[in-house]
Every structure is written in C-alpha cells, then in structure tokens.
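Note sheet for the following structure.
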Protein chains: 2
Amino acid sequence: MTTIRQIAKLANVSVSTVSRVLNNHPYVNEQTRNDVQAIIDQLNYTPNSNAIHLSKGKTNVIGISLPLVNNQYYSSILEGIAKEAAKENYHLMVCQTNNDKKKEEEILQMLRNKKMDGLIMCSKLNEGSSLEMFSTYAPIVTCEANDVPSISSVYMNHYETFRMSMDYLIQKGHTKIGYCIGRKNSFNSTHRKQAYIEGLHSIGVTPNTNWTFEECLTIDDGKHVAQQLVQLDQRPTALVVSCNHIAASIRKEIERNGIQVPEQLAIIGCDDQPIGDLFDITTISSQSEQLGKHAFRLFFKRLTTEQQLNEHIEVSPQLIERTST
Amino acid sequence: MTTIRQIAKLANVSVSTVSRVLNNHPYVNEQTRNDVQAIIDQLNYTPNSNAIHLSKGKTNVIGISLPLVNNQYYSSILEGIAKEAAKENYHLMVCQTNNDKKKEEEILQMLRNKKMDGLIMCSKLNEGSSLEMFSTYAPIVTCEANDVPSISSVYMNHYETFRMSMDYLIQKGHTKIGYCIGRKNSFNSTHRKQAYIEGLHSIGVTPNTNWTFEECLTIDDGKHVAQQLVQLDQRPTALVVSCNHIAASIRKEIERNGIQVPEQLAIIGCDDQPIGDLFDITTISSQSEQLGKHAFRLFFKRLTTEQQLNEHIEVSPQLIERTST
C-alpha cells in the first residue's frame with residue numbers, strides 16, 4: 001500500500017508538502033504541485049478519508065433530519081443550510097424520517113458514532129430528555145422551539161403565528177373559523193391548536209370540530225379538505241392553514257366547486273412557500289430559508305468556540321396580504 | 001479508552017456478542033442484550049464509526065449531487081432515492097452544486113476518498129472522461145443520459161420529450177412556437193434546442209429568437225418571461241417550457257395581463273411537478289421520483305453483485321392533457 005511518505009521520497013519533497021497538495025492548500029509552488037500530483041496519479045494513491053477523520057476527529061459533515069425532502073417548507077430550510085454549509089466547506093448528511101421516530105434515532109446514533117460533527121433537526125420526534133443525552137456527543141440545533149438547555153434552537157413561534165392569523169381574521173369580522181394542520185400531535189400542532197382555541201375564546205366562540213382538519217400533508221390532502229368543506233351544511237367563513245401548498249390546493253378545489261374566495265371562504269396560510277404567491281394566498285411568512293441559515297451558524301459557532309453556550313433565536317413572523325382574505 | 005474487549009469481559013460474554021448488541025443484530029438473547037447495553041451505557045462507550053469503516057471498507061452512505069435542493073424536480077428525485085435508500089439502510093450525503101463545476105469536483109473527490117460507497121449525479125457538469133476516472137473508485141449513476149460505458153444511467157430522453165411537445169402543438173395547428181429552458185448549455189438543453197429546431201423544420205418554419213428564453217430557473221424568471229412576452233408586437237401562440245413551476249408562473253402572469261390561455265397562448269410543460277396540476281398545465285410527465293428510485297437500485301445492484309455491468313434505463317415520457325393547451 002502506497003503511503004504519503006513514499007510519495008514524498010519519490011517527488012523529493014517533504015511529507016508536509018505532499019499533504020498540502022492532497023488538501024489543495026494554496027501555498028505550494030505550481031511546478032511542485034504538478035510533480036507531486038503526477039506521482040500521486042501514477043501510483044493511483046487515494047487518501048482514505050475515514051483514516052483522516054480518525055486522526056483529526058472531525059468529519060466536515062453536518063447531519064440534517066427532516067420528515068420529507070420533497071416538501072417546500074423543508075427543502076427551503078435545507079437550501080438555507082446548504083448555502084451556509086458551503087461557505088465553511090461542510091457537507092450535508094440528510095436523513096428523511098417520514099415522521100418515524102426510529103429513523104430519527106438512527107441519525108442520532110450516527111451523531112454518537114462520530115459520523116458527523118453536529119446535527120440540525122428540522123423537526124423532532126424524540127423527547128427532549130433523549131436528545132439531551134445525544135447532545136453530549138456533538139452540538140444539536142433544532143429548527144423548532146425546544147426546552148432542552150443543552151440544545152440551541154432557531155424557531156418560529158407557531159403559537160404566535162397562528163394567533164396572528166386568528167386575530168387578523170377576527171378583525172376582518174370572521175367568527176366561523178376553521179383550521180387545517182399537519183401532524184395531529186406534533187410539538188408545533190399543539191401550539192397551533194392552543195392559539196386557535198384561545199383566539200376563538202377571546203371572542204366567546206366555541207370551536208366547531210367539523211371545521212378542523214388534521215394530518216394534512218400533501219396537495220391531495222388539501223383537495224380532500226376542500227371536498228369535505230363543499231359537503232358541509234354549515235361552512236366556516238375562514239380557514240387558517242399551516243402550509244401554503246395545502247392552502248393553494250384548497251383554494252383551487254373550492255373555487256372549482258363555485259365557492260368564492262375570499263367572499264365565501266377566506267384562506268390564510270402560515271409559511272413562505274412560493275406557491276402561496278402564485279395562488280395569491282395571504283400568509284404569515286415563516287422565513288424558512290432564514291431558519292436554515294441561522295441553524296447552521298448556531299451549529300458552527302458551537303463547534304468553533306470553546307464556549308458551551310446555547311442560543312435560542314426566535315424568528316419574527318410577518319404578515320403578507322394577498323387576495324385570499 | 002474503553003474497548004469492546006473490556007465490555008465483553010465485564011459482561012462475561014464474547015466479543016462477538018458485544019458486537020452484535022452494538023450493531024442491533026437480532027440473534028441476541030434479550031437479557032444478555034440488556035446486560036451488555038447497561039455496561040456500554042455505564043462506560044459511556046461509543047464505537048467510532050470511522051474506525052469501523054476503515055475495517056469494513058463500507059460506509060453505507062450514498063452521495064447525491066444536484067444543482068439545487070429547493071427545486072421540485074430535484075427534490076422529487078431525492079425523494080425517490082431516499083425511499084429506496086431507507087430500505088437498504090443507506091444514508092444520503094447531499095451536495096448542492098449551484099451548477100458550479102468545482103463544487104461537483106468536491107463530491108467526486110469525496111467518492112475517491114471513500115467517504116461514500118457510490119454517487120448518484122442528478123445532473124452533471126464535469127466531462128464524461130473525468131467522470132470515467134472517478135467511476136474506477138466506486139459506482140456512479142447519472143440521472144441523465146451519458147455516453148460513458150462505465151457509468152450507469154437512468155434518464156428521460158429530453159430530445160424525445162421536447163419533440164413530443166412540439167409535435168403535439170404542431171398537430172393543434174401552432175406554427176408560432178417559442179421555448180423556455182433552464183441552463184443555456186447543459187446536456188439536456190442542447191437536446192431540447194435540437195428538438196425545437198427540428199420540430200419547426202418539419203413544418204418548414206424558421207425559429208424566431210424573440211420567442212426563445214434561456215436561463216429560466218425560478219418562479220421569478222417565469223414572471224419575467226411573461227412580462228417580456230406581453231411587450232412583444234408579434235407574440236408566439238404557443239410555448240414549450242422545460243419546468244412546470246416556470247410554466248405555472250408564466251400562466252399566472254400572462255393571464256394577469258389579460259392574455260388568455262390557451263386561446264392566445266398555449267403552454268406545455270415537460271415534467272411532473274405537482275404545481276403543474278394546480279395550474280392546469282398540460283405536460284409531458286418526467287416521472288422524477290421514479291428516476292430517483294431506479295438510480296438507487298442501479299447503484300445498489302452494482303455494489304452488491306460482482307458484475308461490472310452497467311445499465312442504461314430510459315424512462316418513457318407520458319402526455320397529461322390539461323387546460324393550458
């Protein structure tokens with residue numbers, strides 16, 4: 001097996017010069033670089049990066065766990081992470097969990113096994129206490145609020161976002177309001193439901209369970225919600241929807257059925273997917289790409305400073321008014 | 001430093017039993033598993049996966065290079081890869097190139113340095129000859145056609161897709177046809193432009209450069225194309241658009257300007273993004289999730305069989321008629 005020492009001897013340079021050539025270090029004379037590279041190519045020498053990691057204790061890999069890659073909210077967070085990671089020469093290990101807790105545990109084990117220098121969790125399925133244990137191995141950052149002191153977070157306040165939507169609709173005179181959210185019992189959904197109930201409570205209205213829709217994840221799910229709304233004798237006059245691709249799908253299907261938006265049904269979304277713009281959905285922007293950028297910076301700061309300080313950044317929601325309300 | 005041997009001694013079991021517990025192997029008595037795990041936890045022992053790779057020579061990581069993660073065509077390929085990879089317990093190392101050749105070279109170097117067991121290139125920027133060299137280190141699969149014998153591929157025939165679109169529009173009586181594509185000089189774009197020119201040639205029509213738009217990547221780019229079309233004295237009556245998010249954006253902006261689709265401008269897309277459905281865009285479906293699934297299977301087959309056989313799978317395009325034509 002060829003070693004870096006043999007290459008140095010053949011090229012008549014020092015071992016550290018060969019190392020600089022292998023690592024694309026800038027301070028190498030061009031002629032020397034070519035000579036060394038020629039010998040490396042001739043011997044078909046490949047440094048084994050796993051051996052390098054073993055000696056350096058660093059992988060330059062950041063792990064990312066998310067429920068779905070093919071979802072604009074998450075791919076936009078991923079885009080933000082990718083942009084910042086590229087600046088620091090970090091590579092992305094992406095784990096799609098499909099909301100399966102076991103799958104999330106796998107990537108946590110990979111963190112423990114030093115396959116990556118840290119982990120960004122775009123959403124989380126495991127309990128805080130379990131994540132806390134894993135955070136002793138390497139920095140973890142969540143893109144939702146968490147109550148674990150050892151884990152940094154950057155998040156939208158989903159209670160605030162949903163409450164802003166409710167107050168906006170109430171101010172417009174609506175009292176018959178429904179909602180449409182993703183996972184029934186996720187951390188975010190719990191806060192959204194609380195905001196919904198408290199929003200209605202502020203005007204003395206009791207929630208109507210015929211107007212609340214859960215487990216809406218895909219465009220098809222949005223279509224089904226619209227079809228159920230069409231069938232109702234008593235319809236809500238407004239709907240708060242957690243994701244804009246669902247809001248867009250509801251708007252399309254409900255209008256296809258002759259129900260006018262916003263006159264007969266006002267729709268407000270709660271993220272910043274571009275599809276919301278194309279379907280003129282009023283929305284409370286979640287600035288998802290910013291979430292991803294902040295998340296990587298928090299991880300990198302933790303990694304490169306000796307401080308064990310964790311930060312929690314709340315990203316402010318922002319109302320964008322369009323024709324759907 | 002704790003070793004697996006010490007754990008075995010303390011638990012009074014063999015080294016291979018400890019190894020089975022660490023690797024979640026099924027054939028371990030439940031009581032033994034608990035005893036061993038308790039000692040592992042007590043000693044806070046973590047197997048270093050980089051050392052494991054070094055001995056096994058396998059990483060269970062598949063690399064994926066793509067121009068943009070936040071793009072429905074690519075995130076849908078990624079979804080397909082993720083689904084198949086999960087079945088074989090493979091993890092995804094995702095490299096967003098932003099169409100920068102250097103960034104693509106980085107992930108090729110990672111392949112060479114054994115950071116992954118193979119690489120799926122959703123699009124490719126480097127020359128075939130360069131990829132051929134890297135394919136000697138580990139299997140490479142491209143999600144576009146390639147002419148390198150040592151690299152498997154699964155692809156849409158983009159000439160065929162664009163030609164199908166042209167023939168469809170010509171059959172509907174159109175002669176004033178424009179196009180709208182992404183990167184000007186990519187492998188796919190070259191074939192699309194050829195199909196466009198040959199399609200027009202078949203009815204004796206010379207292309208009009210006022211009607212061809214290149215470097216259209218985002219929803220905003222689509223909006224600008226529509227605004228340019230509005231300004232033209234002589235407009236095309238039909239447009240072939242490579243991506244449905246661009247087609248949707250053009251349809252929205254052109255209709256906002258009072259131009260009727262399809263009466264004054266017919267629009268046909270060339271992929272299967274769900275946004276095409278929401279905007280009723282007639283499209284030649286590219287079945288992108290299928291591309292991703294096939295790509296992973298091809299990689300895995302190469303890895304697990306001794307044969308050095310490469311395959312090239314052409315996925316058939318399929319016309320979906322909607323109201324935009």
Side-chain angles (χ1 to χ4, degrees), chain A residues 24 41 44 46-54 57 59 61 63-64 68-72 74-83 85-86 89 91-96 98 100 103 106-107 109-110 112-115 136-137 218-220 245 248-249 251-252 274-275 277-280 288-289, chain B residues 24 44 46-54 57 59 61 63-64 68-72 74-83 85-86 89 91-96 98 100 103 106-107 109-110 112-115 133 136-137 218-220 245 248-249 251-252 274-275 277-280 288-289:
Chain A
N24 270 320
D41 290 344
N44 206 4
T46 314
N48 186 316
S49 63
N50 297 315
I52 295 169
H53 296 160
L54 211 51
T59 61
V61 171
I64 299 151
L68 285 170
V69 288
N70 190 15
N71 166 295
Q72 289 202 344
Y74 292 111
S75 56
S76 170
I77 294 183
L78 200 52
E79 171 86 16
I81 298 171
K83 280 186 181 160
N89 204 19
H91 302 283
L92 317 181
M93 181 80 80
V94 177
C95 175
Q96 166 163 301
N98 289 309
D100 176 351
K103 203 77 198 159
E106 267 179 34
I107 198 164
Q109 285 298 346
M110 286 168 77
R112 185 173 176 170
N113 296 347
K114 304 190 201 316
K115 274 205 180 181
T136 60
Y137 300 105
T218 66
I219 282 174
D220 266 350
H245 66 290
S249 173
R251 178 173 194 161
K252 189 195 166 187
I275 202 170
D277 186 5
L278 285 173
F279 274 90
D280 273 328
S288 38
E289 191 177 318
Chain B
N24 271 320
N44 206 5
T46 314
N48 186 317
S49 63
N50 297 314
I52 294 167
H53 296 161
L54 211 49
T59 61
V61 170
I64 299 150
L68 285 170
V69 288
N70 190 15
N71 167 296
Q72 290 202 343
Y74 292 111
S75 55
S76 169
I77 294 183
L78 199 53
E79 171 85 15
I81 297 172
K83 280 184 180 160
N89 204 18
H91 302 284
L92 317 182
M93 181 80 80
V94 177
C95 176
Q96 166 163 301
N98 289 309
D100 177 350
K103 203 77 199 160
E106 267 178 35
I107 198 163
Q109 284 298 346
M110 286 167 76
R112 184 173 177 171
N113 296 347
K114 305 189 200 316
K115 275 203 181 182
M133 188 272 281
T136 60
Y137 300 104
T218 67
I219 281 174
D220 266 350
H245 65 290
S249 174
R251 178 172 196 163
K252 189 195 166 185
I275 201 170
D277 186 6
L278 285 173
F279 273 90
D280 274 327
S288 38
E289 192 176 317

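Side-chain atoms are counted along with the backbone in the values below, which use heavy atoms only and exclude waters and symmetry mates. It should be emphasised that the depicted structure is a prediction, and the values quoted were computed from it without experimental measurement. Lettering of chains follows the sequences in order, A, B, ..., and the numbering in each one begins at 1.
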Task: Heavy-atom proximity to chain B below 4.5 Å, by part of A:Ala85 - done: neither
Task: Among A:Met93, A:Gln109, A:Arg251, residue most engaged with chain B (heavy-atom pairs, under 4.5 Å) - done: A:Met93
Open item on the list: Could you report the tightest heavy-atom contact between B:Thr59 and A:Lys115, atom names first, then the distance?
Closed with: O-NZ, 3.2 Å
Task: Side chain, backbone, both or neither of A:Glu106 within contact of chain B (heavy atoms, under 4.5 Å) - done: side chain
Task: Rounded distance [0.5 Å steps], NZ in A:Lys83 versus CG in B:Asn70 - done: 8.0 Å
- [ ] Tell me, for A:Asn89 versus chain B, whether the close heavy atoms (under 4.5 Å) come from the side chain, the backbone, both or neither.
- [x] side chain
TODO: Could you tell me which portion of B:Gln96 (side chain, backbone, both or neither) has an atom closer than 4.5 angstrom to a non-hydrogen atom of chain A?
DONE: side chain
TODO: Let me know if A:Ile219 has heavy atoms under 4.5 Å from chain B in its side chain, its backbone, both or neither.
DONE: side chain
Task: Closest non-hydrogen atom pair between A:Leu278 and B:Lys252, with its separation - done: O-CD, 3.1 Å
- [ ] Could you check which of A:Ile77, A:Asp280, A:Val94 has the highest count of heavy-atom pairs closer than 4.5 Å to chain B?
- [x] A:Val94
Open item on the list: Taking every non-hydrogen pair under 4.5 Å, which of B:Asn71, B:Ile275, B:Thr136 racks up the most with chain A?
Closed with: B:Ile275
